[in-house]
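Report on one structure; see the data block that follows.
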Number of protein chains: 2
Amino acid sequence: MNDQEQREFDKNLENLRLELRRGTLVLGVLSRLQRPQYGYSLVEELGARGIAAEAGTLYPLLRRLEAQQLLESVWETSGPKPRKYYVLTAQGKVMLGLLTAEWQEITKNMIGLLREE
Amino acid sequence: MNDQEQREFDKNLENLRLELRRGTLVLGVLSRLQRPQYGYSLVEELGARGIAAEAGTLYPLLRRLEAQQLLESVWETSGPKPRKYYVLTAQGKVMLGLLTAEWQEITKNMIGLLREE
DNA sequence: GATGATACTGTATGACACACACTATTGTCA
DNA sequence: TGACAATAGTGTGTGTCATACAGTATCATC
């Protein structure tokens, strides 16, 4: 593999890794928002737990989930910086349960596939 | 939740399940193509193993992976129907290893997140 | 020997989530 | 004063997927 091919390979790898991570961000966010938390702290916590998320990805995601009524938010303005706290709604809790089950199913199937030679 | 809201919820659920599955198809395909196999049989086998894939999704995927030099193909025309057999290239094997590691890392992180209350 | 199902491969279109690169404000500390 | 951190947001492009569609050749069934 020459340099050119190596760069192609690396680009494809990044792309495929990206696709693999896809969707897990939502599940991660929902699982964390069983307790109220604000966006910036979510980025930090998920990052610390191995789930890197760009702020530019997370904020639109939170707003989307709120629009879907899976989250609700309140502004906390008493501190030095205004923070928008999000937390799961009742629907959000149900969704978290369903997606967790789906995730476990997918994981089970993938393990079956990957185990064989 | 009224009917309208229920439909919204179901739509969102389908969408999120879709995103969760995303990327796993590639990993599944690569893992199966350690041995040569043709498209139609892949659809069957993956389906039997719990990874539903539409033909209209799989064929473009196979061609894409071949264009990325992760797969190579040969036409088998001796049988009654022409079949295009795909198999991993050397690069494809490396990629499979890297993506498998990534998958395990993601899984580990998600389990950590989901385990807590 | 016609009719329909099945095996087999392919293409076009559209939706949507993500990364990335921005903008913007306010507080803090050197 | 000036830089960095905290905090929230938007806009654009890219890529994968589902869905729907097109096409051919074989096999079974009647």
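By convention in this document, chain letters (A, B, ...) are assigned in the order of the sequence lines, proteins followed by strands, and residues within each chain are numbered from 1. Side chains are part of it too, since the values below use all heavy atoms of this structure and drop only hydrogens, waters and symmetry mates. Quantities reported herein were computed from a predicted structural model and do not represent experimental measurements.
Listed by chain and residue number, A:Ser78 satisfy the side chain to side chain donor-acceptor pair (under 3.5 Å) test with A:Glu76 (two or more places apart in sequence, or in another chain). With sequence neighbours excluded, the residues forming a side-chain contact (heavy atoms from CB on, under 4.5 Å) with A:Gln104 are A:Thr100, listed by chain and number.
Within the nucleic acid shown, A:Gly56 comes within 4.0 Å of at least one base atom, counting heavy atoms only.
Within the 3.5 Å criterion, the main-chain N or O of A:Leu70 finds a donor-acceptor partner in the side chain of A:Thr89.
What separates CD of B:Gln37 from P of C:dC8 is a distance of 11 Å, to the nearest Å. Atom-to-atom, CG of A:Leu27 to P of C:dA17 comes out at 15 Å; the value is rounded to the nearest Å. One can place CZ of B:Arg63 at 6 Å from C1' of C:dG10, the figure rounded to the nearest angstrom. Atom CG of A:Leu65 is separated from atom P of D:dG9 by 13 Å (rounded to the nearest Å). The interatomic distance linking B:Glu44 (CD) with C:dT9 (P) rounds to 11 Å, in whole Å. Straight-line distance from the CG atom of A:Leu61 to the C1' atom of C:dC18: 10 Å, rounded to whole Å. Rounding to whole angstrom units, CD of residue A:Glu45 and P of D:dT7 are separated by 14 Å. Between the OH atom of A:Tyr59 and the P atom of D:dA8 there is a distance of 4 Å, given to the nearest Å.
Using a 4.0 Å cut-off between a side-chain N of Lys or Arg and a carboxylate O of Asp or Glu, B:Lys11 and B:Glu14 do not qualify as a salt bridge. Using a cut-off of 4.0 Å between Lys/Arg side-chain N and Asp/Glu carboxylate O, A:Glu105 and A:Lys108 are scored as salt-bridged.
Checked by atom type, the side-chain pair B:Gln6/B:Asp10 shows a donor-acceptor distance below 3.5 Å.
When the side-chain nitrogen and oxygen atoms of B:Tyr38 are compared with OP1 and OP2 of C:dC8, one or more of them lie within a distance under 4.0 Å. OP1 or OP2 of C:dA17 has at least one side-chain nitrogen or oxygen of A:Arg64 nearer than 4.0 Å.
In this structure, the nucleotide among C:dC18, C:dA19, C:dC8 sitting nearest to the side chain of A:Glu54 is C:dA19. Among the nucleotides C:dC16, D:dC17, C:dA19, the one closest to any side-chain atom of B:Leu25 is D:dC17.
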Sequence neighbours left out, cut at 3.5 Å: what donor-acceptor pairs do the side chains of residues 42-61 of chain A make with other protein atoms?
residue	atom	partner	partner atom	Å
A:Glu45	OE1	A:Gln37	NE2	3.2
A:Glu45	OE2	A:Arg32	NH1	3.1
A:Glu45	OE2	A:Arg49	NE	3.0
A:Arg49	NH1	B:Glu116	OE2	3.0
A:Arg49	NH2	B:Glu116	OE1	3.2
A:Arg49	NH2	B:Glu116	OE2	3.2

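Each ring pair (Phe, Tyr, Trp, His ring centres under 6.0 Å) pair with one or both residues in residues 89-109 of chain A, not counting sequence neighbours, appears once here: A:Trp103-B:Trp103.
Under the 4.5 Å side-chain heavy-atom criterion for Ile, Leu, Val, Met, Phe, Trp and Tyr, B:Leu18 and B:Leu25 are members of distinct hydrophobic clusters.
Annotation: proximity of residues 71-86 of chain B to DNA chain C (heavy atom, distance under 4.0 Å) is found for B:Trp75, B:Lys81, B:Pro82, B:Arg83, B:Lys84, B:Tyr86, numbered in ascending order. Contacts of residues 9-18 of chain A with DNA chain C (heavy atom under 4.0 Å): A:Leu18.
Of the two residues contacting DNA chain D, namely A:Thr57 and A:Glu19, the nearest-nucleotide position lying further toward the 5' end is that of A:Thr57.
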